[in-house]
Structures are given as structure tokens and as C-alpha cells.
Amino acid sequence: NNNNLLLPYFRTMATNISWLASALLAASFVSAQDLTCRNCRGGNLKCTSDTSIQAITDADCQVCMKSGQKWTWPCSVEGLCWCWDSTKPKFKPALPSGYDEAETKPCDIFTEEMFNVIAPNAIHPYTYDGLCETIDMVNERYDEKIFKVGSLEQQKNEWAAFLGHTTHESAQYTAARENLVCARPVDMYGMNYCKPCENSNFDWSNRYCEVSMVANGRFYEDYCDKIVTPPHGCVCGPTTEVDREDFKGLINPNAVFFGRGAIQLSWNANYIKASYVLSDSADTLCTQPDLVATEPKYAWGTALWFWLFNKPPGEETTCHVQSLEGSFGGSLNIINGGLECPADPNGYHAEAIVTRLRYYCIAGNVMGVKRLLDMEGCEGLSKAFEECIVTGYCPECNGWYAEPSPSPSKSPSEGLPTNQPQAFRSWANDSWMDGIKRRDSSAMRTPYVFGVISSFAILYLCML
């Protein structure tokens with residue numbers, strides 16, 4: 001029987017497919033460190049551990065220097081073990097872009113005059129000098145340089161993308177703290193306190209909270225994942241109002257992890273990661289998260305950390321890499337893809353897309369880029385960009401479109417921008433910006449590899 005002759009072949013093939021499916025399944029959860037410890041041999045190179053990911057020691061990582069260990073723990077866990085040159089400070093490297101370091105310094109490209117055009121009403125801690133000093137600090141520590149790799153045009157494009165996102169997130173560098181939590185910090189006895197508010201109780205025109213979220217014995221616990229604890233996340237929990245009669249409705253801002261800084265860093269897990277990079281210690285931002293709203297190093301540094309280091313679940317990319325590869329949409333998907341890729345057409349994020357695109361076009365003009373980055377990589381963004389121009393809501397983007405936008409065909413709804421103003425100016429106090437607030441982090445997606453595994457599994461079962 002010919003079928004019997006082929007049976008051993010099919011069994012061997014099935015075994016190989018089963019092994020491959022298992023390997024692919026493992027790869028969907030973890031990524032082998034091809035550039036970490038497997039070539040970490042000799043001299044000053046040491047395979048070291050990242051205790052912020054899991055409980056591990058350097059001794060556990062030594063096995064990763066051997067070939068054939070990439071699918072076993074700890075080598076299989078992305079970033080858990082990495083190669084450190086002990087002659088240099090112990091800073092875990094950022095994801096490499098593959099581009100060579102550029103000669104032109106970042107702040108020789110983006111000048112103070114440009115900063116003043118983009119953000120004429122910027123408040124402390126958003127200072128130009130603070131931005132440049134923090135960039136230099138980060139670039140001195142890491143081989144992968146922010147705003148300092150690739151061609152001059154790539155440098156300009158990365159600047160434009162970063163500025164477009166951060167001016168939107170921070171209301172043109174006029175908001176150091178998330179409005180709903182701390183629009184008006186209250187100075188009591190030399191310290192700032194916050195009055196968290198629900199949207200329904202917030203007066204957006206005056207930026208005032210009518211009724212505190214912690215009034216009448218209630219508590220605040222937004223942006224707190226209590227399951228995530230050190231070294232993976234700052235300790236957090238329910239926060240009540242300060243126990244003093246004259247502090248009613250107020251909370252200590254250093255007990256909570258709401259949005260702050262140029263990228264509106266939020267969640268306890270993100271604060272501890274940024275703290276490791278910017279201060280070499282988890283304690284700095286875990287015990288004093290409000291430094292992100294008061295110190296230029298952290299207001300800018302947390303945005304630079306997110307841009308250079310933060311990777312979406314299951315993907316080996318960052319905002320830095322996406323901008324260098326030509327995708328503005330890809331960077332938005334990492335920053336706020338869950339809410340803006342696509343945006344709910346009936347929600348306020350549809351308006352948020354408008355402000356983000358306007359600011360990006362302004363930044364592109366100021367930086368003198370030849371063309372905007374691609375809008376792909378964020379579902380619905382290309383369509384939103386086109387609609388924003390043809391309806392007249394994004395006049396700053398006219399130069400990047402085939403035809404200039406007409407006057408709006410109908411009167412814009414209340415709170416949305418019209419086709420004025422032209423040119424660059426501050427929109428920080430315009431009413432249509434009042435409701436724009438960053439809410440969440442990047443979207444989670446099911447990797448394509450699961451589809452491949454399913455196909456292999458079906459084929460394997462058919463052969464049994």
C-alpha cells in the first residue's frame with residue numbers, strides 16, 4: 001500500500017511541524033535576544049540581568065551565552081538578560097534603529113527660536129534649555145541616539161513627529177499635569193495638592209472642579225495597577241483626601257500616577273520604568289511622581305524615555321524607530337492606538353485627532369521637512385488627515401495636501417476649529433481644546449503568528 005510507505009514520512013513531517021508550532025508559540029510571547037548575551041564573551045563584556053522585568057540574578061543569565069539556549073528561560077524572555085560592557089555605566093540599551101549616528105546635534109537642528117514659534121506660551125518645566133540638556137544626557141548614556149541618527153532629513157522628521165505628539169499631549173507645553181486630576185494645583189504650606197474630578201463635575205471653561213472625586217470618604221485609584229509591584233511597578237493603591245479640615249477634597253499628588261509631562265506619562269508601571277532610565281533608581285519617580293510636573297529633566301525625560309524605549313506588546317519597535325522608518329501613524333499607534341487608531345467618530349478622540357494633526361503640520365513646517373511622514377500604521381488616520389483638510393479644520397496642513405482646503409461646507413459644530421487662524425500661534429486657550437486629554441496607552445493586538453500556528457496545528461491533526 002503506497003499510503004503505508006508514506007506514513008513514516010508524514011510522521012516525521014508532523015513531528016517537525018509540531019516542534020515549529022511550539023517554537024512559534026513561544027516566540028509570540030517572548031522574543032529571543034539575538035543581540036544580547038549569545039555573543040557576550042571576553043574582556044569587559046558581562047551578561048547581566050534586568051530585575052525590573054522578573055526576579056533574577058546575573059548568575060541566572062550566564063547560560064544565555066551558550067548557543068542553543070535562546071528558547072529556554074531566562075534567555076527566552078525579551079530583555080531579561082543583556083550584554084553590558086563593564087567599562088561603561090550600566091545602562092540597558094535601547095532598541096537599535098540600525099541607522100548610523102549623525103554629525104549634527106539635535107538642538108542645532110531644533111533651535112530656541114523654533115521652540116518659541118511652536119510653543120510661545122510654554123510654562124515651566126517646559127524650558128528649551130531643559131529639553132536640550134535632557135536630550136544630551138540620554139544620548140550620552142545610550143548608543144542609540146534620539147534625534148541624532150540617520151540623515152539630516154530623518155533627524156528633522158523625527159523632531160517634527162515628537163513635537164507634534166508632545167505639543168498635543170501637553171496643550172502646547174502649557175499643561176504639566178492632567179487637567180481632570182490637577183488642573184489647578186493648590187499650594188498649601190509650601191506643597192502642591194490636587195483636586196481630582198470626574199468629567200461631569202469639571203468646569204472646562206474655568207478649569208475648575210466642582211466636586212472632588214475623594215469627597216465624602218471616597219477614594220481615587222486611577223492609573224494604578226495594584227497587581228504590578230516593584231520592581232515592575234511603583235506601589236500604589238486607593239488614595240483618600242488629606243486628613244485635615246482645610247484640605248478637604250485634596251490629595252497628595254506624590255501618591256498617584258496620573259498623566260504628567262510632555263507625553264503625559266501615566267500608570268505606576270510606566271513611572272518605575274522611566275525612573276530606572278532617568279535616575280538609575282526606582283525610588284525617584286515612585287516616591288516623587290510629581291517631579292515629572294515640576295522638573296525639566298523629568299518633564300522632558302519621561303517623554304524621551306517613552307519615545308526611545310517603550311514598545312507595544314509583542315512588537316519590536318518604538319516611536320523612535322517608527323519615525324526614522326517614515327511612519328507618523330506607527331508612532332501614534334504606540335502612544336494612544338487603543339483610542340485613536342481608529343478614533344470613535346462620536347467621541348472626543350475624533351477631535352483629538354484634529355488637534356494632533358494640526359500640531360504635527362505646524363511642527364513639520366517649522367522643522368522644514370520635505371514631506372510629512374506616512375499616516376499608515378494607525379487605522380483610520382489617513383482618512384482623518386484627508387477629512388481634516390478638505391473640511392477646513394486643518395489649515396496648517398494645506399501645504400502637505402494636493403489641493404488647499406476650501407472654506408468649511410457647513411458651519412463647524414461648537415467647540416471645533418474653523419479654517420481660522422492661519423499661520424502659527426497658540427491655541428492653548430481655544431475652547432475646542434478644552435476636552436482634549438490623553439487617556440490610555442498603546443493598543444494590544446493578536447500577533448499574526450497565532451494564525452500561522454493554527455494552520456500548523458490543523459495540518460498536524462489531519463496527519464495523525
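Numbers here are sequence positions counted from 1.
Classification of K297 and E133 as a salt-bridged pair fails, no side-chain N sitting under 4.0 Å from a carboxylate O.
Within the cation-pi definition used here (under 6.0 Å to the ring centroid, within 45° of the axis), R260 qualifies as a partner of F258.
Side chain of K195 to backbone of C209: a donor-acceptor contact under 3.5 angstrom is found. Side chain of Y126 to backbone of A175: a donor-acceptor contact under 3.5 angstrom is found.
Closest of all the heavy-atom pairs between G150 and Q154 is CA-OE1, 3.2 Å. Contact between I334 and Q322 at its shortest, heavy atoms only, is CD1-CG, 4.1 Å. Summarising the geometry of K148 relative to K105, their closest heavy-atom pair is CE-CA, 4.3 Å, with the distance given to 0.1 Å.
Using a 4.5 Å heavy-atom threshold, the side chains of E153 and V369 count as touching. Counting heavy atoms from C-beta on, the side chains of Y360 and H165 never come closer than 4.5 Å.
A distance of 6.0 Å or more separates the ring centres of F328 and F162. Between Y193 and F247, the ring centre distance stays below 6.0 Å. In this structure, W159 has its ring center closer than 6.0 angstrom to the ring center of F147.
Atoms CG and OH, from N268 and Y223 in turn, are 12.5 Å apart once rounded to the nearest 0.5 Å.
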CA sep, side-chain torsions, deciding dist, call: N199, W204, side chain to side chain donor-acceptor pair (under 3.5 Å): CA-CA 9 Å; N199 187 60; W204 283 103; 3.0 Å; yes
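Between C37 and C47, the two SG sulfurs come within 2.5 Å of each other, short of that mark.
Pairs of residues two or more places apart, or lying in two chains, that qualify as disulfide bond (SG atoms under 2.5 Å apart) and include a residue from residues 240-329 are C234-C286.
Counted by atom type alone, D374 and S327 present zero donor-acceptor pairs between their side chains at under 3.5 Å.
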